[in-house]
Every structure is written in structure tokens, then in C-alpha cells.
Amino acid sequence: VLDHASVLDVIKGALIPNQRVTIAHGRIVRIESSHTAVADTDAKHIINLEGKTLMPGLCDAHVHVTAWTANLAEVGRTSSSYTAIRAAGLMEAMLMRGFTTVRDEGGADYGLAQAVEEGHIRGPRVLFCGEVLSQTGGHGDQRQRGEEHDPGHLCDGVSAVRKACREEIRKGAHHIKLMLSGGVASPTDRITNTQFSLDEIRAAVEEAEMAGLYCTGHTYTARAVNRAIRCGVRSLEHCNLIDESSIALFLEHGAFMVPTLATYEALVREGVEAGMPKELNDKVYTVLDAGIEALRLAHEAGVKIAYGTDLLGQMQRHQLSEFAIRARVQSPIDIIRSATCVAAELFNQVGEIGVVAEGARADLLVVDGDPLSDLTCLQNPERYLKAIIKGGEFVEIPSRL
């Protein structure tokens, strides 16, 4: 029982003081006023939060938990067991920042997700796509021009795309990710490229929908975003170079936008040091300044925007910097919603995560401060984050309470 809590209702955008939240079997079973008699007199623990904020655990809709270096080609050439061990450390750090659910956009598989679920690795719940789908020479093709080997995640043609989708679905993917434009980290394409034919995109969307899943798309330009949305791609990543035509399609189709502004600022400062080859890191300037304007355009129009970071290697420690970057455009509650209830909607987990509500998973943060008026209390967990609860259990003994 968490008593005398100021519950952050992210839907209403309000702090509700003097609330008592009862947790059992990993879920929130009751929310009531602290002034009422305690219903569960046999509760194992009754903790007085003394007015501290009780809010949903955070969600990051674009992470790469296996990216222990910014040189993604190097990750692919390294032992999978080594990568898994490095991923464990990265995931624990995410959890300690307050992220209780993350969506991995390429790299994680069912093994890492299962290890977290069973408690062998301490980290956020992982929703994974498995291997990303890329055309030959696309953003998922990490080969230099002289390399001839054929990575297994490349697929060309409708039948190959269908088979690749079915393989990831067979392995338990929560969604399918398509590389639909060029990108910073790929050596042989331009950011302005569009990738996969319309028929290939539609085939992937159909396969995902038949399995009750959805597709995400790596996209930068308006052209890449627009053709993806028209084909049924539900979650559009990055989107730095969109225009008004894209906004209209987002609204018409109810698609989600996942800007990842933290990664560009981090790449400018330390991308090469983190392992990104300089010739690739220089590509970031093509999209750096446009990202905040794309966010402004989408926010003002009412596009559904989820929180994402896309950080690689040592730069993952900047995961909370996305709050400060977005604050140039959005209000605190809008940013918080993007990392809670909007993300939950994107993940098809409305009512499960992203809210403090009866019946929801007890993924909760205890924060010493009011995030609605000062986002600093979410960006400095060492000082302000007093407890992390995931699935109804404290991640650590809450000595800071």
C-alpha cells in the first residue's frame, strides 16, 4: 500500500493529492483517498509517500539494447553472448533512469526479453522486432561497397519480404520494422533515399496485421513518410524532414510519430568517440536542425507523438535528455504523455502500462517533485527518483523514501 501519494493522472494532466494506491499480484487493485480507512489491514507493507509524486513508469519507443557501440557493423561481427552481456548492463541502466518498458527497434530478440521477464537480467520490459527488414543497399545493410557476404536480414521482392516477416513473427516479434529510407548509420545510401517498393511495404503490413501486429518504419523525408503511411505503416521513426503533406496523412490514418532528437545532439558531440565512423557521423548534419521543426509542426497539428531516443553505445546515458530537447516545443505534460499513455497506445497496451489506474500493471515511479511544473525532476534520477516499482516489486529497497 502506497499511502499519501500525489498521483499523476497523465490523461487529465493533473496531480491528485492524498491518494492511497494498493498493489497486489503485480497490478494496481485499488486507488482511494488517504482519508478513508485502510481496506487491507493485512497488507505486507504500508509506505507513507508523504506527498511525493507517484507516476507511471516511463516508456522509450525507440531503443537498441544490443548497441554497445555506435559502430553497428561491429556489433554484427561480435559474439552474440558478448553482446547479450553488454545489453544486460545497458538495460539495467535504462531501468534505473525510470524506464519500465522499452521498444527495441532492432537487435533484441526473444531471449533477452525472456531473460528480463524471468528475472535473470534486471531491466525494463522489452518489446522487440527482432531483425529489421531492409532491401539490399538499404539502411539495414551494414556492408561496405567491397563486402560480398549476404546478411540474413536483407530481403528483396514481395515473397522475400513475406518470408522475412513470418520468420520474425515465428520468433515472437511484437512488431515488424522496415527500413524505408536512408540513414546516418548505413554506409552506402543517402538519407534522402526511399527504400522498398510499395508492394513490398504493403506485403509486410499485411503479414503484420494477419498476426495482430503492426509495422514501424525508419523514415526521414516527407516522401518516405508519406508512402509508408499510405501503405499502412503505423509507427514512423525520426521524421526529421517531413512537411505539411505528411501531417495531413498522420492525422488521416491515426499514425504515430516517434522523433528521436536526443540521438542527433549526442552524435554531434560524441558520435565518433562512441564508435560511429566519421564519414557516417557527418551525415547527421543533414537532419539535425530539421528535427525540432518537424516536432513543432506535428505537435501543433495534434499528431500522436511517442517518446523515443535511438541512442547508441556510450551515448545511451543521455536517454533522459529527450525531455529537455522536446521542452523547446512541448509542455511538460505533453512530453510525459508521449513517454506514458501515448506510448501505451502505440504498443497496443492501453490500460496495461502508462497510467496509474486500477487494473494496470504496477509499473510506477516515486518522484520527489512536481514534473508538471519542473521536468528537471525526471532528468536527474539520482536526486529526485526515490523508488522504481516494476510489476509490483521495488527494483531496489527504497532507502531514499
**Report entry** Within residues 227-251 or reaching into it, pairs that qualify as salt bridge (Lys or Arg N to Asp or Glu O under 4.0 Å) - sequence neighbours excluded
**Finding:**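 Sorted result for residues 227-251: R103-E237.
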**Report entry** Sequence neighbours excluded, every pair satisfying salt bridge (Lys or Arg N to Asp or Glu O under 4.0 Å) that has a member inside residues 316-340
**Finding:**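 Residue pairs passing salt bridge (Lys or Arg N to Asp or Glu O under 4.0 Å), neighbours aside: E265-R328, E270-R317, E322-R326, D334-R337.
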Student check: side-chain heavy atoms of [X] and [Y] closer than 4.5 Å:
X	Y	result
I46	L2	no
I176	T216	no
L49	D3	no
I336	P371	yes
K171	E131	yes
L15	L372	yes
V342	I305	no
H218	L180	no

Is the shortest distance from a Lys or Arg side-chain nitrogen in [X] or [Y] to a carboxylate oxygen in the other one below 4.0 Å?
X	Y	value
E382	R97	no
E50	K52	yes
E168	K177	no
D363	K390	no
K304	E345	yes

Does [Y] offer a backbone N or O that forms a donor-acceptor pair with the side chain of [X] under 3.5 Å?
X	Y	answer
N71	M276	no
S181	Y220	yes
S34	Q19	yes
D104	A108	yes

Regarding [X] and [Y], is there a side-chain donor-to-acceptor distance under 3.5 Å anywhere?
X	Y	answer
D370	T53	no
R20	S33	no
H62	D310	yes
T376	Q379	no

Query raised in the report: Considering residues, nucleotides and ligands other than R125, do more than 12 of their heavy atoms fall under 6.0 Å from its CZ?
Result: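 Counting neighbours around CZ of R125, more than 12 heavy atoms of other residues, nucleotides or ligands fall under 6.0 Å, so yes.
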Separation between [atom1] of [X] and [atom2] of [Y], rounded to the nearest 0.5 Å:
X	Y	atom1	atom2	result
L241	E293	CG	CD	12.0 Å
L320	L58	CG	CG	7.0 Å
T263	M315	OG1	CE	5.5 Å
L378	L365	CG	CG	8.0 Å
R190	N193	CZ	CG	4.5 Å
E358	R27	CD	CZ	13.0 Å

Query - H253, H174, H175 screened by ring-ring contact (aromatic ring centres under 6.0 Å, His included) with Y214, the one that passes - result: H175
Query raised in the report: If you take all heavy atoms of I23 and A362, which pair is closest and at what distance?
Result: CG2-CB, 3.7 Å
Report task. Not counting sequence neighbours, which residues clear side chain to side chain donor-acceptor pair (under 3.5 Å) with Y285? List them please. Result ->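 Y285 satisfies side chain to side chain donor-acceptor pair (under 3.5 Å) with no residue once adjacent residues are dropped.
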Report task. Fit a plane to each ring of Y264 and H238, take the angle between them on a 0 to 90° scale, and name the class: parallel (under 30°), tilted (30 to 60°) or perpendicular (over 60°). Result ->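 Y264 vs H238 ring planes: perpendicular.
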Query raised in the report: Are F256 and F250 close enough, and set up right, to give a ring pair (Phe, Tyr, Trp, His ring centres under 6.0 Å), and what steps lead you there?
Result: CA-CA 7 Å; F256 292 77; F250 270 110; 9.2 Å; no
Report task. Step by step, work out the salt bridge (charged side-chain N to carboxylate O under 4.0 Å, His left out) result for R202 and E209. Result -> CA-CA 10 Å; R202 292 189 189 106; E209 289 179 346; over 6 Å; no
